[in-house]
Amino acid sequence: MNQTSSFPLIYSNEVKAALDAGRPVVALESTIITHGMPWPGNLDMANDVEDIIRAQGAVPATIAVLDGSLHIGLEKKALEVLSHSQNAMKVSRADLPFAIATKRTGGTTVAATMIAAALAGIRVFATGGIGGVHFGAEQSFDISADLEELARTPVIVVSAGAKAILDIPKTLEVLETKGVPVVTYRSNELPAFWSRQSGLTSPLRLDSAQEIAHFQNMRTAMNIGGGMLIANPVAAADEIPASQMQGYINQALEKAKSKGISGKQVTPFLLSEILTITAGASLVTNIALVKNNAHLAAAIACALSN
Ligand code: PSU
Ligand code: MN
């Protein structure tokens, strides 16, 4: 364990060694562990994803707040404890210093994980899907802090697109307004998380990890701040087709509405409803797409460090 700052910031030995040596590192979020997937599948997913990154010659840095310390890289035991913790906070930008100040434990969202990754000098981050503009946002104003974070923090976020429970066209519009590049990997069509198709043309497309690294280097050279979103379609064998997903999503959205679910609960509620409605199939796809993203993120991290 290594502490090196004016607040409790702890690096795992593996991550510290990699950062010191300039070896490729990939950040991983932990809200997906604490709020996005049920135990024990969440723990298996977290361990498998770390191994995928190692197998490609990069080092995984799962990020979380444990008892008031910000951890960059979790030891096996800590990951296990987090995966079945009952009172973990969902920690986004607004909550990160709060969780540290009040000595809480929590899973970091895409936004909070980007902040931590940037602090640590990690340039690439793999997740499932980012938060975005929710349906009915014109009434609820429910727009994820992930979008603002992408606009300001220089980390490449590898996702399977925005979760299909979101209003994807509005999410794209907000990203465009904020100047966040959205790059789909090897497809002209933006994926929709569980599905390869969204019906929307991707703003940008690149076909290799090297090109993505080159693009990001160009953004850095031109002093254009902020991150970028990579949308990586899940493999055809693992997807749930969009036509099928739409019915499940509508059912979940109806239930959220009738129960008056709001704020931070919306995303976890919808994900767990969809899990029930699909009898677990959505989780299988969710795990497959996170692994797929870890693979690409590791390749980008390797390309960046060359
Ligand atoms: N992707 C998943 N499962 C999740 C999330 C993403 O496959 O649980 C989490 C991420 O941490 C993301 C968060 O940052 O949901 C978005 O929440 P909100 O819409 O409340 O900002
Ligand atoms: Mn929200």
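Indexing begins at 1, ligand by ligand and atom by atom, following the structure's order.
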For [X], the ligand 1 atoms whose distance to one of its heavy atoms is below 4.0 Å:
| X | answer |
| --- | --- |
| Thr31 | 9 (C), 11 (O) |
| Asn286 | 7 (O) |
| Thr109 | 11 (O), 14 (O) |
| His134 | 19 (O) |

Output yes when the distance from some N or O of ligand 1 to some N or O of [X] is under 3.5 Å, and no in every other case.
| X | value |
| --- | --- |
| Thr127 | no |
| Ile130 | no |
| Val110 | yes |

*If you take all heavy atoms of Asn292 and Pro233, which pair is closest and at what distance?*
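For Asn292 and Pro233, the tightest heavy-atom pair comes out as ND2-O, 3.1 Å.
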*asked:* Ignoring hydrogens, what is the shortest heavy-atom contact between Ser198 and Ala192? Give both atom names and the distance.
replied: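 Shortest heavy-atom separation between Ser198 and Ala192 comes out as CB-CB, 3.9 Å.
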Any idea which protein heavy atom is nearest [atom], and the distance to it?
| atom | answer |
| --- | --- |
| atom 7 (O) of ligand 1 | Phe193 CZ, 3.2 Å |
| atom 19 (O) of ligand 1 | Thr267 OG1, 2.9 Å |
| atom 11 (O) of ligand 1 | Glu29 OE1, 2.6 Å |
| atom 1 (N) of ligand 1 | Gly129 O, 3.0 Å |
| atom 8 (O) of ligand 1 | Gly36 CA, 3.3 Å |
| atom 21 (O) of ligand 1 | Ser144 OG, 2.6 Å |
| atom 3 (N) of ligand 1 | Leu271 CD1, 3.5 Å |
| atom 6 (C) of ligand 1 | Lys163 NZ, 2.7 Å |

*Gap separating the CD atom of Glu50 from the CG atom of Leu79, nearest 0.5 angstrom*: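 Spacing of CD (Glu50) from CG (Leu79) equals 5.5 Å.
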_CG-CD1 distance between Leu206 and Ile230, expressed to the nearest 0.5 angstrom_ =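 With rounding to 0.5 Å, CG (Leu206) is 7.0 Å from CD1 (Ile230).
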Side chain, backbone, both or neither: which part of [X] has a heavy atom under 4.0 Å from ligand 1?
| X | result |
| --- | --- |
| Asp146 | side chain |
| Thr113 | neither |
| Val290 | neither |

Going by an N to O cut-off under 4.0 Å, is there a salt bridge joining [X] and [Y]?
| X | Y | answer |
| --- | --- | --- |
| Arg54 | Glu14 | yes |
| Lys291 | Asp48 | yes |
| Asp95 | Lys264 | yes |

*Shortest-distance N/O/S atom, Asp142 versus the Mn ion (ligand 2)*: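 It is OD1 of Asp142.
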*Going through the distances and angles, do His84 and Glu80 end up as a side chain to side chain donor-acceptor pair (under 3.5 Å)?*
CA-CA 7 Å; His84 51 77; Glu80 200 225 299; 3.0 Å; yes
_Whether Lys90 lies under 4.0 Å from ligand 1, heavy atom_ =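 Yes, Lys90 has heavy atoms under 4.0 Å from ligand 1.
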*Positive for side-chain hydrogen bond (donor to acceptor under 3.5 Å, both in side chains) with Thr113, one of Thr108, Thr31, Thr62*: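 That would be Thr108.
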*List the steps and the verdict of side chain to side chain donor-acceptor pair (under 3.5 Å) for Glu273 and Thr276.*
CA-CA 5 Å; Glu273 273 306 303; Thr276 308; 5.2 Å; no
*Do Ser12 and Glu75 have side-chain N/O donor and acceptor atoms under 3.5 Å apart?*
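No, because no side-chain N or O of Ser12 sits under 3.5 Å from a partner of the opposite role on Glu75.
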_For a quick check under 3.5 Å, do Gln246 and Asn250 share a side-chain donor-acceptor pair by atom type?_
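Result is yes, a qualifying pair exists.
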